[in-house]
Every structure is written in C-alpha cells, then in structure tokens.
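Written out below as structure tokens is the structure these notes cover.
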Amino acid sequence: MSRVAVVTGGGSGMGLEICRQLAARGNKVAIFDLSEDNAAAAAADIAQSGAAALAVAVDVADRAAVDGGIAKVRAGFGPVEIMVTSAGLDAFSTFTDITAEQWERMLAVNLTGTFNCLQAAIPDMVAAGWGRIVTISSSSAQSGAKRMAHYVASKGGVLGLTKALALEYAPNGITVNTIPPGFIDTPMIRRAQDKGDVPGVDTIAKATPVRRAGTPADIAAACVFLCSEEAGYITGQAINVNGGWYL
Ligand code: NAP
C-alpha cells in the first residue's frame with residue numbers, strides 16, 4: 001500500500017537507504033535533512049526510479065522549521081502516516097571536557113529533534129487510526145560508550161521516548177519502535193574513523209560476531225519491515241541490528 005512517509009536525516013547514510021527502500025515499496029517519501037543539497041540529491045535519486053519524493057531542508061532542532069516541513073508534506077502528499085527519525089549528530093569528548101553548549105546541541109538535535117518531529121506528525125496518524133514510527137537510537141545507549149556521554153544520554157532519551165509513545169498510542173493503531181544500530185558503515189562512522197575516534201572498519205569487523213560492519217541496507221531492511229502493514233503487533237520494541245554484539 002502507498003503511504004506517506006517522512007524520513008529525517010534522509011540525505012545521508014542509513015536515512016538515505018531507508019528512503020530508497022520505502023520508495024521501492026511504493027510509499028511517497030519526504031526527505032528531511034539539514035543539508036538542502038543532500039535532501040535534493042536524495043529526492044532526485046528516488047524520483048529517477050519513478051517514485052514520489054519531496055526534499056525538505058530542515059534543522060530538526062528548530063520546532064518552527066519542523067512544523068513548516070510537515071505542512072509542506074501535507075500539502076504535497078497528504079497526512080503523514082510513517083515517520084522515521086534518523087537525523088542525528090555524534091561527538092566524542094571526555095566527560096569533563098563536554099561544554100554546556102555541546103551538551104545542549106546534542107540533546108537538541110538527537111532528543112528534542114525526535115520529539116519535535118513526532119509531536120508534529122502524530123496528530124495525522126491519530127486522525128487516520130494508523131501509523132508507523134521508527135526511531136533510530138544507538139546500541140551505545142544500551143551498552144554505554146566512553147567519551148560519548150552526551151551522545152549516549154541523548155540516545156537513551158530516544159529509547160525512553162519510544163517506549164512511552166508506544167504505550168500511549170497503541171490504542172490508536174500507531175506502532176512506535178526503535179532500532180539501536182551497532183557499527184554501521186556510513187559517512188558518520190567514516191568521519192569518526194578519520195579523526196581517530198572509533199576503530200577502522202576492519203577492526204570493527206573482526207570484533208563483531210558476524211565478522212563484518214553493518215551497512216545502511218541492514219538497517220533499512222529492519223526499518224521497512226517495522227513500517228509495514230504486517231508489523232502491526234510489534235510496538236515498544238528495540239530491534240537490535242548490530243551483528244550479534246552482546247548487549
Ligand atoms: P549520517 O550519514 O551522518 O546521516 C545523518 C544525517 O542526519 C545527515 O544527513 C545529517 O545531515 C542529518 N542531520 C544531522 N543533524 C541534523 C539536524 N539538526 N536536522 C536535520 N538533519 C540532520 O549518519 P548515519 O550513520 O546514517 O546516522 C543515522 C542515525 O543513526 C543517527 O541518528 C546516528 O546517531 C545513528 N547511529 C549511527 C550509527 C553508526 O554506526 N553509523 C550507530 C548508532 C546510531 P548533514 O550531513 O547535513 O549534517
């Protein structure tokens with residue numbers, strides 16, 4: 001069935017692949033991204049395959065911009081039925097070196113950004129009596145991670161928000177789940193590797209039970225299933241896509 005989907009962070013990495021996979025299944029996809037160029041490139045890429053795509057440049061931390069973006073989606077495609085929140089920021093710093101500004105920006109993008117997008121879109125799903133929400137959290141919120149206190153705290157908030165909304169909206173036909181990815185080979189991880197903040201892909205692969213790093217396609221496969229009609233009895237769950245890391 002063709003649904004109206006919004007994917008935040010859809011201009012890069014796993015968000016981009018989620019957009020492609022949702023479009024390949026006949027959904028109309030709105031790509032929310034900080035980068036206007038990346039959002040436009042993703043929309044053009046999807047449109048080439050014949051699917052409907054809409055690029056929306058938006059900072060998810062900016063509530064007015066998010067509301068404006070959702071209004072564009074309603075005008076172009078209709079009410080929002082699927083929302084995937086993949087927009088995110090990472091950073092590495094010893095705890096005592098994290099500045100108040102860095103802490104606040106991390107929470108503003110990763111946690112408040114998720115809140116902004118979900119609160120703006122959920123009324124459409126309530127009105128329809130159907131909805132699918134998938135948040136992208138992080139395995140680091142389950143395991144902890146050194147030099148990432150602000151990131152881990154923000155993603156722990158996303159996990160909690162997901163579980164709270166799952167219970168609140170279960171009677172409305174809306175499922176709310178989270179995917180906490182392990183190491184996924186995306187531009188975000190490559191940037192962190194270039195700066196020496198995380199080990200290289202080969203080292204990660206050797207330490208991962210399935211002996212490879214994850215790919216955006218691994219995340220997208222789980223995500224499109226959670227967004228499907230068939231996944232209606234799955235809600236409030238963290239679906240771990242992490243190559244078998246024990247958490
Ligand atoms: P990515 O390739 O950097 O994609 C993240 C996207 O989010 C980028 O397009 C980025 O835009 C966008 N974005 C960042 N801040 C934004 C904002 N304020 N408003 C709107 N868009 C914003 O990274 P990824 O690895 O695919 O990450 C996707 C999600 O997975 C993130 O939430 C990340 O924390 C999470 N995650 C990743 C891994 C991993 O191993 N890769 C593991 C666990 C969790 P710009 O490029 O313009 O900044």
Side-chain angles (χ1 to χ4, degrees), residues 1-88 108-136 158 161-162 165 168-169 172-179 219-220 223-224 226-229 231:
M1 187 182 291
S2 173
R3 300 279 190 184
V4 174
V6 173
V7 180
T8 75
S12 176
M14 55 188 91
L16 175 57
E17 187 58 23
I18 290 165
C19 288
R20 289 187 180 125
Q21 295 298 327
L22 285 171
R25 282 157 183 77
N27 298 292
K28 300 184 179 99
V29 181
I31 300 133
F32 279 28
D33 206 278
L34 199 53
S35 158
E36 194 168 359
D37 288 350
N38 286 352
D45 176 58
I46 290 166
Q48 264 196 336
S49 68
L54 180 69
V56 184
V58 59
D59 178 349
V60 295
D62 178 344
R63 180 55 190 262
V66 168
D67 287 343
I70 295 291
K72 279 185 195 162
V73 176
R74 289 187 185 124
F77 286 163
V80 180
E81 297 167 295
I82 295 171
M83 165 78 71
V84 179
T85 57
S86 187
V109 174
N110 290 359
L111 182 53
T112 308
T114 304
F115 163 82
N116 286 339
C117 294
L118 298 186
Q119 202 178 56
I122 273 182
D124 287 358
M125 301 182 194
V126 171
W130 191 95
R132 295 283 184 267
I133 292 170
V134 180
T135 63
I136 304 295
V158 171
L161 176 63
T162 303
L165 295 185
E168 193 164 333
Y169 289 100
N172 300 92
I174 302 169
T175 65
V176 192
N177 293 290
T178 192
I179 298 176
I219 301 298
C223 186
V224 295
L226 291 172
C227 293
S228 71
E229 208 64 49

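Since we're looking at a predicted model, the values are computed, not measured.
Residues meeting the side-chain contact (heavy atoms from CB on, under 4.5 Å) test with Thr175, sequence neighbours left out: Arg132, Asn177, Thr235. With sequence neighbours excluded, the residues satisfying side-chain contact (heavy atoms from CB on, under 4.5 Å) with Ser86 are Met14, Ile136. Scored by the salt bridge (charged side-chain N to carboxylate O under 4.0 Å, His left out) test, Asp124 finds Arg74 as partners (sequence neighbours excluded). Shown here are the salt bridge (charged side-chain N to carboxylate O under 4.0 Å, His left out) partners of Asp37, two or more places apart in sequence or in another chain: there are none. In this structure Gln119 satisfies the side-chain contact (heavy atoms from CB on, under 4.5 Å) test together with Arg63, Phe115, sequence neighbours excluded.
Nearest approach of Val73 to Ala30, heavy atoms of both residues: CG2-CB, 3.6 Å. When every heavy atom of Ser49 is checked against every heavy atom of Ile46, the shortest pair comes out as OG-O, 2.6 Å. Looking at every heavy atom in both residues, Gly11 comes nearest to Ile31 through N-CG2, 3.8 Å. Across every non-hydrogen atom of Ser12 and Asp33, the tightest pair is N-OD2, 4.2 Å. When all heavy atoms are compared, the tightest approach of Asp67 to Ala120 is OD1-CB, 3.5 Å. Contact record, Ile174 with Trp130: CG1-C, 4.2 Å, taken as the closest heavy-atom pair.
One finds a salt bridge joining Arg3 and Glu229 here, because a Lys/Arg side-chain nitrogen approaches an Asp/Glu carboxylate oxygen to under 4.0 Å.
Distance alone, capped at 3.5 Å, places no donor-acceptor pair between the Thr114 side chain and the Val158 backbone. The backbone N or O of Val4 sits less than 3.5 Å from a side-chain atom of Glu81, completing a donor-acceptor pair. A side-chain donor-acceptor contact under 3.5 Å links Asn27 to the backbone of Leu22.
For the pair Ile219 and Glu17, the minimum side-chain heavy-atom distance is 4.5 Å or more. Residues Met83 and Cys117 meet the side-chain proximity criterion, which asks for heavy atoms closer than 4.5 Å.
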Please set out all donor-acceptor pairs under 3.5 angstrom arising from side-chain atoms of residues 51-61, sequence neighbours excluded.
| from | atom 1 | to | atom 2 | distance (Å) |
| --- | --- | --- | --- | --- |
| Asp59 | OD1 | Ala61 | N | 2.9 |
| Asp59 | OD2 | Arg105 | NH1 | 3.4 |
| Asp59 | OD2 | Arg105 | NH2 | 3.2 |

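Between Thr162 and Thr135, the side chains place a donor N or O and an acceptor N or O closer than 3.5 Å (distance only, hydrogens not considered).
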